[in-house]
Trainee: 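Dropping a structure here in structure tokens format, bear with me for questions.
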Amino acid sequence: GSKEEAMADAEKLRLLLPPREKVTLLIIGNHSAGKSSFINWYIGEEILKANMAIETSNVTFITRGKKKTKFLPDMMMDHYTFLPEFVKKVDGVEDHMELQVCTSSERQFPMLDVIDTPGLIDVKRQPEASVNQTGR
């Protein structure tokens with residue numbers, strides 16, 4: 001093989017290797033869409049409450065660590081370098097954040113930090129007026 005082929009093969013291999021740094025995955029969706037259930041399945045632990053009731057009221061950061069524990073926002077600032085600036089911009093958000101550390105090694109969870117969010121509110125759209133109602 002040529003040098004170009006060897007470089008192409010090396011590039012393909014690089015694409016298959018895990019990232020050098022953790023990837024942050026933000027989960028957003030409607031209420032009861034299965035966000036927390038998906039995260040529990042992926043992690044392989046029941047770390048989040050999940051059922052038809054509104055269970056998620058905080059933005060929950062989930063990371064892998066040696067000991068299962070919870071941290072409040074002031075302890076999260078060093079782990080997530082973007083948080084101090086975010087907290088400055090969004091007044092009161094730190095009152096609705098928590099960090100859960102779990103010990104799972106399922107799937108590729110050690111390579112991820114997952115952020116679970118409260119469900120979006122499903123807004124019922126009013127049906128558009130029919131032609132008869134508009135008088136046309």
Trainee: Taking all heavy atoms of Leu99 and all of Ile62, pick out the closest pair and write down the distance.
Mentor: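 Of all heavy-atom pairs spanning Leu99 and Ile62, the closest is CD1-N, 4.4 Å.
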Trainee: Would Leu112 and Arg64 count as a side chain to side chain contact (heavy atoms under 4.5 Å, CB included) here? Give the steps.
Mentor: CA-CA 8 Å; Leu112 288 178; Arg64 184 172 187 277; over 6 Å; no
Trainee: State plainly whether the residues Lys35 and Asp116 are in salt-bridge range, i.e. N to O under 4.0 Å.
Mentor: no
Trainee: Find the distance between CD1 (Ile27) and CD1 (Ile115) and round it off to the nearest 0.5 Å.
Mentor: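 Those atoms lie 9.5 Å apart.
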Trainee: Specify the closest pair of heavy atoms between Ile43 and Cys102, including all atoms of both residues, with the distance to one decimal.
Mentor: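 So the two residues come closest at CG2-SG, 3.5 Å.
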Trainee: Are the side chains of Asn58 and Pro118 in touch, meaning some heavy atoms are under 4.5 Å apart?
Mentor: no
Trainee: Does any part of the side chain of Asp113, heavy atoms only, come nearer than 4.5 Å to the side chain of Val23, both counted from C-beta?
Mentor: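 The answer is no; the side chains never approach within 4.5 Å.
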Trainee: Under a 4.5 Å cut-off applied to non-hydrogen side-chain atoms, are Met77 and Val87 in contact?
Mentor: yes
Trainee: May I ask you to test the Gln100-Lys70 pair for a side-chain heavy-atom distance under 4.5 Å?
Mentor: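 Yes. Closest side-chain heavy atoms under 4.5 Å.
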Trainee: Please name the pair of heavy atoms, one in Asn40 and one in Ile47, separated by the smallest distance, quoted to 0.1 Å.
Mentor: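 Between these two residues, the closest heavy atoms are OD1-N, 3.1 Å.
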Trainee: Using every non-hydrogen atom in the two residues, find where Gly44 and Ser104 come nearest and quote the distance to one decimal.
Mentor: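 Looking at all heavy atoms of both residues, the shortest contact is N-OG, 4.5 Å.
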Trainee: Is there side-chain contact between Leu25 and Tyr42, with heavy atoms separated by less than 4.5 Å?
Mentor: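 No, side chains not in contact.
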Trainee: How many angstroms lie between CZ in Phe61 and OG1 in Thr24, if you round to the nearest 0.5 Å?
Mentor: 8.5 Å
Trainee: Any side-chain heavy atom of Lys68 within less than 4.5 Å of one from Glu45?
Mentor: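 Yes. Closest side-chain heavy atoms under 4.5 Å.
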Trainee: Less than 4.5 Å apart, any side-chain heavy atom of Met97 and any of Phe71?
Mentor: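 In short, these two side chains do not touch, never coming nearer than 4.5 Å.
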Trainee: Could you state the interatomic distance from CZ (Phe86) to CD (Glu94), rounded to the nearest 0.5 Å?
Mentor: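 Separation between the atoms: 10.0 Å.
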Trainee: Looking at side-chain heavy atoms only, is the closest gap between Leu120 and Ile28 below 4.5 Å?
Mentor: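 Counting from C-beta outward, Leu120 and Ile28 do come under 4.5 Å.
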Trainee: Please find the pair of heavy atoms, one from Pro110 and one from Ser105, that lie closest to each other, and give the distance.
Mentor: CG-CA, 3.9 Å
Trainee: Answer yes or no: does atom CG of Asp95 have more than 12 heavy-atom neighbours from other residues, nucleotides or ligands under 6.0 Å?
Mentor: yes
